[in-house]
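These notes are about the structure you will find just below.
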Amino acid sequence: MALWIYNYLTREREQFEPLQEGYVGMYACGPTVYDHAHLGHAKTYVALDVMVRYLRHLEYDVRYVQNITDVGHLLDSGEDRIIRKARLERVEPMEVAATYERSYFEDMDALGVQRPNIAPRASGHIPEQIQVVETLLEKGYAYETEGGDVYFAVERVEDYGKLSGRDVEDLEAGARVDVRDEKRHPADFALWKHADPEHILRWPSPWGWGYPGWHVECTAMATRYLGETFDIHGGGVDNIFPHNECEIAQSEAATGEPFARYWVLTGSLTVDDVKMSKSLGNFVTIKDALETYSPEAIRFFILSSHYRKPVDYSREAMLGAERGVKRLHNTVRSLRQRKERAAPSGIVDRSEVDKLAPYSERFLEAMNDDFNTPRAIAALFDLNREVNELLNSGKSLGQATWKAIDDVYRELGGRVLGIIPDQLTDEVSGELVEGLMDIILGIRERYRRNKEWQEADALRDRLAKLGIVVDDRPEGPIWRRESGSG
RNA sequence: GGCGGCGUAGCCAAGUGGCAAGGCAGGACUCUGCAAAAGUCCCAUCCGCCGGUUCGAAUCCGGCCGCCGCCUCCA
């Protein structure tokens, strides 16, 4: 089974073959850290996270690089986003960047998004960026203006627009042209911007004091950590133009080599069918979402649609996700409890475990088909039904057999999709709670044996008020903590 | 205006030539003191609309309608 990836560069599904056997270099455009991340960011980074996780499942050694933009990302007004925020909050620009970078990683950690191997900051790679600009000037792909700005000359590149399917001539017609600047072509983009002394975020360069343009950082950092040509470049589609296009143009012009080989772009998150974005104000921060929904539900919601498609955020959809993921968790919880209570046998009952193999295969087939997580999740649910039947069948299997089944969940639902934690929340209650619950349920069992239903039910109701749900199973009562709104 | 994409049940969502996956919600039943969990069954003769190609189309072609993204703020 081979992995196939839809490559935006060729607009075709292609069999994935890394540059170097067994090794994958992957880059993703990270956030500009001037505010808290919202669910739109979550969609992109959860989707990319699952790709990385799956590549690792396939035993590729993945180096995942995701930049942190802390300088150079300009507003329409020409003002740097970070600096603007710093001015509004009366703090150092780097304080803004540090604050929101921390916030970003807190959110990603909470969502189970694995950290990139390297998360380089733009401000920490100014010399590398200057080097790229110098190379481009030397090779004649860029020009310096009298004001001390350096621009990339789009017309010098034959295939400019190849990723987004854009034509330089069309751009001229529709471009929002800034009349004041000294660009030779409206689509030319800044590599280096001059900055006056009152500009608080600036560095010396061969062209005087200034700061790098937004796009250069990705070229500088991607090539530095992954090489001139690397395997996969990911990001949100909304950055396909101009950002990704500019990255390709300047990178390939500077190195003379192809840049990223496979481009994977994620569809946007929408609210009422309109893209969630800072500028529209229709965003929900990840922190806010986590107040209401579990991290697994948020991941489930994102992964239940294919990464290239847009996803519409709604309370209804989120509740559906919450319930769906809970269904998987319920089975896993029962499975693990059964494992704990089973006879410690080291022999795996192959006939039982082999029955589940087709579901794993379907899961992997789906993932191999351009990371088709919705289909993978469907396979997981079919597996779930099979496992529930087994749990209900009353068959007494040895510990090793239950463990083998649990391992399937841990690998596919846990390690690959990140929607099944290694420890469910109520599995980490600690000895004290475990002990107290044993006592309480023991008392309740005595009431039940004596058919004192009112007493038994009252106890169950009081526990429910504390968020503890008790299920009376034929093999004895089990309990779980119910959190969130699901 | 240019480029790209989408429209599948009440909701979410796979499927891209052979008689519509999966989840949520809903209904019936089984188990059960009750509840919960779980299981079984039911829940789109139909895939925006209209034509065409084909033995056969949600899937291909043409037209139409509606919606969205990008076109230098955006993951």
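Each chain gets a letter, A, B and so on, in the order the sequences are listed, and its residues count up from 1. Just so it is clear, the model here is predicted, and its values are computed rather than measured.
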For A:D472, salt bridge (charged side-chain N to carboxylate O under 4.0 Å, His left out) partners two or more places apart: A:R444, A:R448, A:R460
Check nucleotides 24-28 of chain B against the protein and report each pair of N or O atoms closer than 3.5 Å, with its distance, or say if there are none.
from  : atom 1 : to     : atom 2 : distance (Å)
B:A25 : OP1    : A:R323 : NE     : 3.3
B:A25 : OP1    : A:R323 : NH1    : 3.0
B:A25 : OP1    : A:R323 : NH2    : 2.2

For A:R473, which residues count as a side-chain hydrogen bond (donor to acceptor under 3.5 Å, both in side chains) partner, sequence neighbours excluded? A:S334
Paired with B:C67 by Watson-Crick or G-U wobble geometry, both distances under 3.5 Å: which nucleotide is it? B:G5
Using the P atom on both, measure B:U30 against B:A35 and round to a whole Å. 12 Å
Output yes when a side-chain donor or acceptor of A:W263 lies under 3.5 Å from a complementary backbone atom of A:G234, and no otherwise. no
Within 45° cone and under 6.0 Å: A:R156 NZ/CZ vs A:Y141 ring: yes
According to side chain to side chain contact (heavy atoms under 4.5 Å, CB included), who are the partners of A:A195, at least two apart in sequence or on a separate chain? A:H199, A:R202, A:Y211
Nearest-Å distance for atom pair CD/C1', residues A:E245 and B:C3: 11 Å
C1' atom, B:C49 versus B:G66: distance in rounded Å? 10 Å
If we take the P atom in both B:A36 and B:G26, what is their distance in whole Å? 12 Å
Taking the nucleotide of RNA chain B with the nearest heavy atom to each, does A:T44 or A:S314 sit closer to the 5' end? A:S314
For B:C19, the nucleotide meeting Watson-Crick or G-U wobble distances (both under 3.5 Å) is none
Mind checking if A:G40 touches a base, just sugar-phosphate, or nothing, with heavy atoms under 4.0 Å? base
Mind checking A:S334 for me? I need base, sugar-phosphate or nothing, with any heavy atom below 4.0 Å counting as a touch. nothing
Rounded to the nearest Å, what distance is computed from the CZ atom of residue A:R333 to the P atom of nucleotide B:A38? 10 Å
Any strand counts, and the cut-off is 3.5 Å on both contacts for Watson-Crick or G-U wobble. Which nucleotide pairs with B:G26? B:C42
Expected list for residues 25-39 of chain A: side-chain donor-acceptor pairs under 3.5 angstrom, two or more places apart:
from  : atom 1 : to     : atom 2 : distance (Å)
A:Y27 : OH     : A:N67  : OD1    : 3.2
A:T32 : OG1    : A:H73  : ND1    : 2.6
A:Y34 : OH     : A:R81  : NH1    : 2.8
A:H36 : ND1    : A:S103 : OG     : 2.7

Interface residues of residues 295-311 of chain A with RNA chain B (non-hydrogen, below 4.0 angstrom): A:S304, A:S305, A:H306, A:K309
Six-ring centre of A:Y160, A:R166 cation under 6.0 angstrom, axis tolerance 45°: no
Would you please say whether a donor-acceptor pair under 3.5 Å links the side chains of A:T401 and A:E352? no
Where at least one partner belongs to residues 462-471 of chain A, residue pairs that pass side-chain hydrogen bond (donor to acceptor under 3.5 Å, both in side chains), sequence neighbours excluded: A:D471-A:R480
Listed once per pair and sorted, the salt bridge (charged side-chain N to carboxylate O under 4.0 Å, His left out) pairs that draw on residues 371-394 of chain A, sequence neighbours left out: A:R362-A:D382, A:D369-A:R375, A:D382-A:R385
What is the distance, to the nearest angstrom, from the CG atom on A:L335 to the C1' atom on B:A38? 14 Å
Figure out the OH/P separation between A:Y6 and B:U16, and round it to whole Å. 15 Å
For the P atoms, the ones on B:U8 and on B:A14, what distance do you get once it is rounded to whole angstrom? 11 Å
Between B:G7 and B:A44, how far is it from one C1' atom to the other, in whole Å? 16 Å
Salt-bridge test for A:D149 and A:K183: reply yes if a basic N is under 4.0 Å from a carboxylate O, no otherwise. no
When you check the side-chain N and O atoms of A:T219 and A:E247, is any donor under 3.5 Å from an acceptor? no
Counting only side-chain nitrogens and oxygens, does A:T32 get under 4.0 Å of the OP1 or OP2 atom of B:A75? yes
Nearest to the side chain of A:D273 - B:G39, B:A75, B:C68? B:C68
Would you tabulate the nitrogen or oxygen pairs shorter than 3.5 Å linking the protein to nucleotides 17-21 of chain B?
none

Select base, sugar-phosphate, or nothing to describe what A:N239 touches, counting heavy atoms under 4.0 Å on all strands. sugar-phosphate
If you measure from the P atom in B:C64 to the same atom in B:C3, how many Å do you get, rounded? 15 Å
Length of the line joining A:H243:NE2 and B:C74:C1', which is rounded to integer Å: 11 Å
Quick one: A:M276 CE to B:C68 P, roughly how many Å, whole number? 16 Å
Under 4.0 Å, heavy atoms only, any strand: does A:G30 hit a base, just the sugar-phosphate, or nothing? sugar-phosphate
Specify the residue among A:A317 and A:L328 whose closest nucleotide of RNA chain B lies further upstream toward the 5′ end. A:A317
Is it the case that the side chains of A:Y100 and A:D70 hold a donor-acceptor pair, with the cut-off being a distance below 3.5 Å and no angle test? no
For nucleotides 33-36 of chain B, print each protein N/O atom paired with a nucleotide N/O atom at under 3.5 Å, atom names and distance only.
from  : atom 1 : to     : atom 2 : distance (Å)
B:G33 : O6     : A:R448 : NE     : 3.2
B:G33 : N1     : A:D457 : OD1    : 3.0
B:G33 : N2     : A:D457 : OD2    : 2.6
B:C34 : O2     : A:R460 : NH2    : 2.5
B:C34 : N3     : A:R460 : NH1    : 3.0
B:C34 : N3     : A:R460 : NH2    : 3.4
B:C34 : N4     : A:D472 : OD2    : 3.0
B:A35 : N6     : A:D472 : O      : 3.1
B:A35 : N1     : A:D472 : N      : 3.0
B:A35 : N3     : A:R460 : NH1    : 3.0
B:A36 : O2'    : A:D471 : OD1    : 3.1

Would you tell me whether A:N330 and A:R333 have side-chain atoms, one donor and one acceptor, within less than 3.5 Å of each other? yes
Got a sec, which residues hit side-chain hydrogen bond (donor to acceptor under 3.5 Å, both in side chains) with A:S314, two or more places apart in sequence or on another chain? none
Hey, does A:L280 reach any base, or is it just sugar-phosphate, or nothing, if we go heavy atoms under 4.0 Å? nothing
Can you check the distance between B:A58 and B:G39, where both ends of the measurement are the P atom (answer in whole Å)? 32 Å
Do A:D370 and A:Y307 meet the criterion of a side-chain donor-acceptor pair at a distance under 3.5 Å? yes
Between B:C74 and B:A25, how many Å separate the two C1' atoms, rounded to a whole number? 35 Å
Could you state the NZ-P distance from A:K278 to B:C74, rounded to the nearest angstrom? 12 Å
Contacts of type side-chain hydrogen bond (donor to acceptor under 3.5 Å, both in side chains), residue A:D231, not counting sequence neighbours: A:R261
Rounded to the nearest angstrom, tell me the gap between atom CG in A:N388 and atom C1' in B:G22. 15 Å
Name the nucleic acid region contacted by A:T266, choosing base, sugar-phosphate or nothing; use a 4.0 angstrom heavy-atom cut-off, strictly under. nothing
